Visitor: 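Pasting a structure below so you can have a look.
Being a predicted model, the structure only gives us computed values, none of them experimental. Convention: sequence-line order gives letters A, B, ...; per-chain numbering from 1.
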Amino acid sequence: MKQPLLILTGPTAVGKTALSILLAKAVGGEIISADSMQVYRGMDIGSAKIKKEEMQGVPHFLIDELEPDETFHVVKFQSLARKYMNEIWQRGHIPILTGGTGFYIQAVLYDIDFTQSESDGPYRAELERTAREQGARTLHEQLRLVDPVSARDIHENNVKRVIRALEFYKETGTPISKHNEQERKKESPYQFAYFVLNDDRERLYGRIDKRVDKMIEEGLLDEVKRLKARGFTKEMVSMQGLGYKEMLAFLDGACSFEEAVYILKRDTRHFAKRQLTWFKRERDVIWIDKGAYQYDEKRICSAILEELKNRGWKIGENHEDTVRSNV
RNA sequence: GGAUGGUUUCCCGAGUGGCCAAAGGGGACAGACUGUAAAUCUGCUGGCAACGCCUUCGGUGGUUCGAAUCCACCACCAUCCA
C-alpha cells in the first residue's frame, strides 16, 4: 500500500506557512520544508522562515539544517526529505511537504533518480572556461555531437543546463535527454495530494511588495550584514537567494538602497511567476484559489480536508486511525 | 512678457525626409526546466479578415511623390532673462 504524502505549495507570499500549520494540526501531519533557502541557519528574515512560536508544536524538518556556506541542491534535499518522510510514517503521521521550490517537490514526489552521476568539478570548470572563452555556441556544439535531443531542447545561452547535460553524458555515457524521458514517465510511489495555493496576480504582487517592506523593517539589512561579516559571499548558493543578493549588492556599493529594494521586489514577482509556470505544467495538481474561500484560512483548510475525503483519504478525529487506514 | 530646450508606442529612451509600427532598456504577459532551481534560460509586447491593410510619434494646418523627422500657429513641461 502506498504511503500518504500531502503537498502544500504555491507562489511565494501566498500564505503557505499559516495554512500549513492548520492543515498539519487537522490531519496529524509533520512538515517538511521544500524550500531552498529556509534550510540555512541565520537566514530568517529574507527567507520568510517560520518562527518557532508559529510552529505551534508541529514538527518541522529541513529548516535550519545547514550553514550558509554549505551547498544545497535537489539531490541532498531529496535524500533528506525521504529520510524524514520515513521517520514520520513510522511515527504514524502524515508528512506534509510545504514550500515553494517546485523542482524539489517533483524530485521527491516522483522519486526522480539522480544517483547515476557525480558532479565532476574539474570537467565542469573546463566547460565553464570553454563557454567563457569560446562562447556559449561552441559549448552547445559539443552537446549537439553527443546528445542532439538535448541540444535541440536546451537553448545555447542556457550554459548551466548545457554544462549539466555534457557532464551527465561524460559520467554515464548516455544522453541526459534519454534519462529524463524515462524519469518523466514515472508514477509517484506515494498516495499523494498536491495542493497549489493561489491568488489573483495583482493581489499576490501586492502581498510581495508589502512583505519585502516588512522584511526591511524587521532588519533584513542587518541580517545580511551579519552574514557578510561572517564571511559569506555572493558566490555561495545561499547568498544567491532573493533578499540576500540584493542587500549584498547594496553593501558592496553596486547600487543604492532604494534600487536594491526595487530590484528585490521586482525579482520576487518574477520568481512568483516562474513558480506558477512550474505548477501549471505539473500533472495532478489541485489548485486552490484563495478568493473562492474569502481568504479565510479555516475555510481553505476545510476544503482541503473535503477534497481528501473525496479522494478516499480517511481523515478522522483520531490521527493514528487516519494514518493506519491510509497505510 | 522674452530666450532656449523639450513633448515618441505601458514607462524610460533612440530616431532629424523614404530602408519606421519606429533601435535599446525596463515593466507587463507567456514559456522552458530532471544535481546551483529564490538559480539558469527563452519568447512576446499598436490593431486586423495578417507575405497585405489600417491607426500611431503633444494638437491643428501646411510643404513634399513621401513626414516621428521640414514649416506655421496653438497647448503643455523645463531652464534662463524680465
Visitor: Indicate, with a heavy-atom threshold strictly under 4.0 Å, whether A:Tyr244 touches base, sugar-phosphate, or nothing.
Guide: nothing
Visitor: Short of 4.0 Å, heavy atom to strand atom, which residues of residues 140-149 of chain A count as contacting RNA chain B?
Guide: none
Visitor: Kindly state each residue pair satisfying side-chain hydrogen bond (donor to acceptor under 3.5 Å, both in side chains) with at least one member in residues 193-202 of chain A, sequence neighbours excluded.
Guide: A:Asp199-A:Tyr295
Visitor: For A:Lys280, which contact category applies under a 4.0 Å heavy-atom criterion: base, sugar-phosphate, or nothing?
Guide: sugar-phosphate
Visitor: Using a heavy-atom cut-off of 4.0 Å across all strands, would you classify A:Ile176 as base, sugar-phosphate, or nothing?
Guide: sugar-phosphate
Visitor: Test for a donor-acceptor pair under 3.5 Å between the base of B:A38 and the side chain of A:Asp35, counting only N and O atoms.
Guide: yes
Visitor: May I have the distance from A:Lys245 (atom NZ) to B:A37 (atom C1'), rounded to whole angstrom?
Guide: 11 Å
Visitor: For a quick test of reading the model: is some side-chain N or O of A:Arg164 closer than 4.0 Å to OP1 or OP2 of B:G35?
Guide: yes
Visitor: Which whole number of Å gives the distance between the P atom of B:G27 and that of B:U40?
Guide: 14 Å
Visitor: Report the residue (A:Val159 or A:Arg184) whose heavy-atom-nearest nucleotide on RNA chain B is the more 5′ of the two.
Guide: A:Arg184
Visitor: What nucleic acid atoms does A:Ser47 come within less than 4.0 Å of, heavy atoms only: base, sugar-phosphate, or nothing?
Guide: base
Visitor: Grab the N/O contacts between the protein and nucleotides 27-29 of chain B below 3.5 Å, and write none if there aren't any.
Guide:
residue: B:G27; atom: OP1; partner: A:Arg266; partner atom: NE; Å: 2.7
residue: B:G27; atom: OP1; partner: A:Arg266; partner atom: NH1; Å: 2.8
residue: B:A28; atom: OP1; partner: A:Arg269; partner atom: NE; Å: 3.2
residue: B:A28; atom: OP2; partner: A:His270; partner atom: NE2; Å: 2.7
residue: B:C29; atom: OP1; partner: A:Arg201; partner atom: NH1; Å: 3.4
residue: B:C29; atom: OP2; partner: A:Tyr205; partner atom: OH; Å: 3.1

Visitor: Can you name the residues that form a ring pair (Phe, Tyr, Trp, His ring centres under 6.0 Å) with A:Phe232, not counting sequence neighbours?
Guide: none
Visitor: Is A:His73 touching bases, backbone alone, or none of the nucleic acid, heavy atoms closer than 4.0 Å?
Guide: base
Visitor: Considering only the C1' atoms, how many Å lie between B:U69 and B:A21, rounded to the nearest integer?
Guide: 15 Å
Visitor: Is A:Ser36 touching bases, backbone alone, or none of the nucleic acid, heavy atoms closer than 4.0 Å?
Guide: base
Visitor: Taking the side chain of A:Thr101 as heavy atoms from C-beta outward, which of B:A37, B:G35, B:A32 is closest to it?
Guide: B:A37
Visitor: Given B:A32, B:U34, B:U36, which nucleotide is nearest the side-chain atoms of A:Ile112?
Guide: B:U34
Visitor: Under a 3.5 Å cut-off for both contacts, is B:U64 paired Watson-Crick or G-U wobble with anything, and if yes, with which nucleotide?
Guide: none
Visitor: Who pairs with A:Arg299 by salt bridge (charged side-chain N to carboxylate O under 4.0 Å, His left out), at least two apart in sequence or on another chain?
Guide: A:Asp296
Visitor: Has A:Lys298 got more than 12 heavy atoms of other residues, nucleotides or ligands less than 6.0 Å from its NZ?
Guide: no
Visitor: Given 3.5 Å as the limit, does a donor-acceptor pair link the side chain of A:Lys76 with the main chain of A:Thr71, or not?
Guide: yes
Visitor: How far, in whole Å, is B:C12 from B:U64 if one measures between their P atoms?
Guide: 36 Å
Visitor: What does B:U79 pair with, Watson-Crick or G-U, if both distances are under 3.5 Å?
Guide: B:A3
Visitor: A:Tyr110 ring centre to A:Arg283 NZ or CZ under 6.0 Å, with the angle to the axis within 45°?
Guide: yes
Visitor: Looking across every strand, which nucleic acid part, if any, lies under 4.0 Å from A:Gly46 by heavy atom: base, sugar-phosphate, or nothing?
Guide: base
Visitor: Using Watson-Crick or G-U wobble geometry with both distances under 3.5 Å, which nucleotide pairs with B:C29?
Guide: B:G43
Visitor: Closest-nucleotide mapping onto RNA chain B: is A:Phe271 or A:Val75 further toward the 5' terminus? I mean the 5' end.
Guide: A:Val75
Visitor: Does A:Tyr104 have a side-chain nitrogen or oxygen under 4.0 Å from the phosphate oxygens OP1 or OP2 of B:A37?
Guide: yes
Visitor: Give one of base, sugar-phosphate or nothing for A:Tyr110, where a contact means two heavy atoms less than 4.0 Å apart.
Guide: nothing
Visitor: Check this one for me: any side-chain N or O of A:Arg274 less than 4.0 Å away from OP1 or OP2 of B:A39?
Guide: yes
Visitor: Is any side-chain N of the basic residue among A:Asp64 and A:Lys49 closer than 4.0 Å to the acidic one's carboxylate O?
Guide: yes
Visitor: Using centres under 5.5 Å plus planes under 30 degrees as the test, is A:Phe103 stacked with B:A37?
Guide: yes
Visitor: Which of residues 206-226 of chain A sit near RNA chain B, with a heavy atom under 4.0 Å from it?
Guide: none
Visitor: Partner lookup for B:C57, please. Criteria are Watson-Crick or G-U wobble with both distances under 3.5 angstrom; report none if nothing qualifies.
Guide: none
Visitor: Whole-Å distance between B:A39 P and A:Gln240 CD?
Guide: 8 Å
Visitor: When you look at A:Tyr244 and A:Glu223, which way does the side chain to side chain contact (heavy atoms under 4.5 Å, CB included) test go after all the steps?
Guide: CA-CA 9 Å; A:Tyr244 299 93; A:Glu223 178 170 283; 2.6 Å; yes
Visitor: Distance between the P atoms of B:C65 and B:C74, in whole angstroms?
Guide: 28 Å
Visitor: Taking atom P in both B:C44 and B:G66, compute the distance separating them and give it to the nearest angstrom.
Guide: 35 Å
Visitor: Mind checking what makes side-chain contact (heavy atoms from CB on, under 4.5 Å) contact with A:Asp213, not counting sequence neighbours?
Guide: A:Lys265
Visitor: For atom C1', what is the distance between B:A50 and B:U55, given to the nearest Å?
Guide: 15 Å
Visitor: Which residues end up grouped with A:Tyr262 if you chain together Ile, Leu, Val, Met, Phe, Trp and Tyr wherever their side-chain heavy atoms are less than 4.5 Å apart?
Guide: A:Ile263
Visitor: Quick one: salt bridge (charged side-chain N to carboxylate O under 4.0 Å, His left out) partners of A:Arg311, sequence neighbours excluded?
Guide: A:Glu307
Visitor: For nucleotides B:C81 and B:U8, find the distance between their C1' atoms and express it as a whole number of Å.
Guide: 30 Å
Visitor: In the structure shown, which nucleotide is the Watson-Crick or G-U wobble counterpart of B:C19, with both distances under 3.5 Å?
Guide: none
Visitor: Residues in ring pair (Phe, Tyr, Trp, His ring centres under 6.0 Å) with A:Phe61, at least two apart?
Guide: A:Tyr84
Visitor: In chain order, what residues pass the salt bridge (charged side-chain N to carboxylate O under 4.0 Å, His left out) check against A:Arg230, with sequence neighbours excluded?
Guide: A:Glu67
Visitor: Please work out whether the ring planes of A:Phe257 and A:Phe250 are parallel, tilted or perpendicular, with thresholds of 30° and 60°.
Guide: perpendicular
Visitor: The side chain of A:Asn157 lies closest to which of these nucleotides: B:A30, B:C41, B:U34?
Guide: B:C41
Visitor: What residues, two or more places apart in sequence or in another chain, satisfy salt bridge (charged side-chain N to carboxylate O under 4.0 Å, His left out) together with A:Lys290?
Guide: none
Visitor: Which whole number of Å gives the distance between the P atom of B:A67 and that of B:C19?
Guide: 11 Å
Visitor: For the side chain of A:Val237, starting at C-beta, report the closest nucleotide among B:A32, B:U36, B:U34.
Guide: B:U36
Visitor: Which nucleotide, in any strand shown, forms a Watson-Crick or G-U wobble pair with B:U9, with both distances under 3.5 Å?
Guide: none
